[in-house]
Amino acid sequence: MIGATGNVGRPLVAGLVARGARPRILTRDPARARLAPGAEAVIGDLDTPGRADTLLAGADAAFVVTAGPDAPAHDRTIAAAVARYGVRRVVKVTSVAALPPVHDSYGAAHAAAEAAYLATGAHCTFLRPAAFMSNTLQWHWSVTGRSTVFQPFGDLPQAVVDPADIAEAALRVLDAPELGGRAYTVTGPEPLTPRQRTHRLAAALGRALTFVDAPPEQAHRAMTATGLPPAYVDGLLASQSDPDPARGGLPLPTVRNLTGRPPRTFTNWLAAHVHEFR
Ligand SMILES: NC(=O)c1ccc[n+]([C@@H]2O[C@H](COP(=O)([O-])OP(=O)(O)OC[C@H]3O[C@@H](n4cnc5c(N)ncnc54)[C@H](OP(=O)(O)O)[C@@H]3O)[C@@H](O)[C@H]2O)c1
């Protein structure tokens with residue numbers, strides 16, 4: 001597993017371990033990773049030659065999440081190892097932005113990753129999620145410090161999805177290979193704009209929050225100030241501003257169809273995470 005300590009990977013590892021599997025996972029920092037007992041760690045970085053090989057040699061299936069500006073290079077490295085070791089199945093988290101025709105460089109990177117895994121000959125399943133509910137945690141500093149949420153595209157709805165539901169969808173596909181071999185768009189149950197999500201967070205906290213529809217240039221400056229390359233930020237913001245309802249704007253029955261139960265709501269997610277904003 002690659003990305004096993006992230007938003008989707010962590011609940012997936014828990015689900016695999018709970019059913020007696022012993023997933024082999026890559027992490028750069030096993031102390032921070034807080035691995036579930038039963039998971040086996042390969043310590044290292046995808047930038048280090050040979051790490052993907054150590055992880056994937058002898059594997060029957062691979063679950064892959066890559067993230068950030070280095071993701072395209074990481075996906076090429078992983079796909080080469082998948083081909084080299086004849087890994088038979090790949091479940092890869094990409095994005096609604098990969099839906100053809102792609103509209104921006106963020107979507108193009110995810111689409112290129114999908115093509116790289118398909119070219120290995122492995123049986124590939126792509127989970128293309130809408131925006132994650134867990135992105136709300138990025139509001140932590142401004143909510144705790146200024147009771148304000150700064151976010152661009154404040155009135156653009158997204159059927160935000162709980163990463164735990166993406167993990168359950170992945171678990172289902174890993175359990176039932178006949179469900180794989182295709183791409184799934186994965187959404188939550190209701191379209192919510194950033195402004196509406198702010199109102200829900202305020203209600204959960206029991207205090208007022210101000211929503212500021214931040215100009216995209218301001219968001220761009222804030223993101224590049226964290227060290228992200230400007231071209232990568234351009235792509236991310238273009239993708240976030242995409243009004244195409246097929247790209248996460250409309251709820252789809254994917255989670256229910258794959259897991260047999262409805263997707264978790266944003267209100268549920270807030271109930272589990274509101275303490276992190278106090
Ligand atoms: N956030 C959203 O709204 C959203 C929506 C749609 C699609 N997506 C896509 O979903 C994916 C997951 O994004 P996320 O932000 O939730 O990230 P994440 O999965 O929470 O975290 C990144 C994971 O990648 C691993 N990782 C990062 N760099 C690594 C490296 N150099 N070597 C080895 N492992 C490395 C980290 O492992 P360690 O730290 O343990 O090493 C961690 O497990 C991305 O492809 C993103 O584009 C996100």
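Order of appearance sets the numbers: ligands from 1, and atoms from 1 within every ligand. Here the structure is a predicted model, which means the values were calculated and not measured.
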Touching ligand 1 at all, [X]? Heavy atoms, strictly under 4.0 Å?
X	result
Arg128	no
Ala130	yes
Ala4	yes
Pro129	yes
His110	yes

Heavy-atom nearest neighbour in the protein, as seen from [atom], with distance rounded to 0.1 Å:
atom	value
atom 27 (C) of ligand 1	Arg28 NH2, 3.4 Å
atom 3 (O) of ligand 1	Asn135 ND2, 2.7 Å
atom 43 (O) of ligand 1	Thr5 OG1, 2.7 Å
atom 13 (O) of ligand 1	Ala67 CB, 3.9 Å
atom 23 (C) of ligand 1	Gly3 CA, 3.8 Å

Tell me which part of [X] gets within contact of ligand 1: side chain, backbone, both or neither, using heavy atoms under 4.0 Å.
X	result
His74	side chain
Ile2	neither
Thr66	backbone

Step by step, would you call Thr254 with Asp165 a side chain to side chain contact (heavy atoms under 4.5 Å, CB included)? CA-CA 10 Å; Thr254 314; Asp165 280 332; over 6 Å; no

Identify, by atom number and element, the atoms of ligand 1 in contact range of [X], meaning under 4.0 Å from any of its heavy atoms.
X	answer
Leu46	30 (C), 31 (N), 32 (N), 33 (C)
Thr94	7 (C), 8 (N), 9 (C)
Asn7	14 (P), 16 (O), 18 (P), 19 (O), 20 (O)
Tyr106	7 (C), 8 (N), 9 (C), 46 (C), 47 (O), 48 (C)
Arg32	39 (O)
Leu26	33 (C)
Val65	11 (C), 12 (C), 19 (O)
Asp45	30 (C), 31 (N), 32 (N)

[atom1]-[atom2] distance between [X] and [Y], expressed to the nearest 0.5 angstrom:
X	Y	atom1	atom2	value
Leu26	Leu46	CG	CG	5.0 Å
Asp60	Leu174	CG	CG	10.0 Å
Arg19	Asp175	CZ	CG	4.0 Å

Do ligand 1 and Phe132 have nitrogen or oxygen atoms that lie under 3.5 Å from each other?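 So ligand 1 has an N or O lying under 3.5 Å from an N or O of Phe132.
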
Geometric N/O contact Gly6 with ligand 1, under 3.5 angstrom: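 Right, the criterion is met.
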
Using the six-membered ring wherever Trp is involved, compare the ring planes of His110 and Tyr106 and label them parallel, tilted or perpendicular (cut-offs 30° and 60°).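 Rings of His110 and Tyr106: perpendicular, over 60°.
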
Parallel, tilted or perpendicular: ring planes of Trp141 versus Phe150, cut at 30 and 60 degrees: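 Judged by the thresholds at 30° and 60°, the geometry between Trp141 and Phe150 is parallel.
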
Would Gln158 and Arg197 count as a side chain to side chain contact (heavy atoms under 4.5 Å, CB included) if you check the C-alpha gap in whole Å, the side-chain angles of each, and the deciding distance to 0.1 Å? CA-CA 10 Å; Gln158 267 283 296; Arg197 278 178 257 150; 3.9 Å; yes

Kindly check if the number of other-residue, nucleotide or ligand heavy atoms within 6.0 Å of CZ (Arg84) is above 12?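 More than 12 within 6.0 Å, yes.
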
Quick check: are there more than 12 heavy atoms from other residues, nucleotides or ligands sitting under 6.0 Å from CZ of Arg207?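 Correct, the count exceeds 12.
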
Got a donor-acceptor contact below 3.5 angstrom from the Thr148 side chain to the Ser142 backbone?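 No, the answer is negative, given that no donor and acceptor are paired below the 3.5 Å cut-off.
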
Heavy atoms only: give me the nearest Phe277-Thr144 pair and the separation to one decimal.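 In this case the closest contact between Phe277 and Thr144 is O-CG2, 3.3 Å.
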
Would you call Asp155 and Arg195 a salt bridge, using N to O less than 4.0 angstrom?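 Arg195 and Asp155: salt-bridged.
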
Output, in order, the C-alpha distance, side-chain angles, deciding distance and verdict of side-chain hydrogen bond (donor to acceptor under 3.5 Å, both in side chains) for Thr259 and Glu168. CA-CA 7 Å; Thr259 69; Glu168 271 189 43; 4.6 Å; no

Classify the side-chain pair Asn268/Thr265 by whether it contains a donor and acceptor separated by less than 3.5 Å.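 There is such a pair (donor and acceptor under 3.5 Å, judged by atom type) between the side chains of Asn268 and Thr265.
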
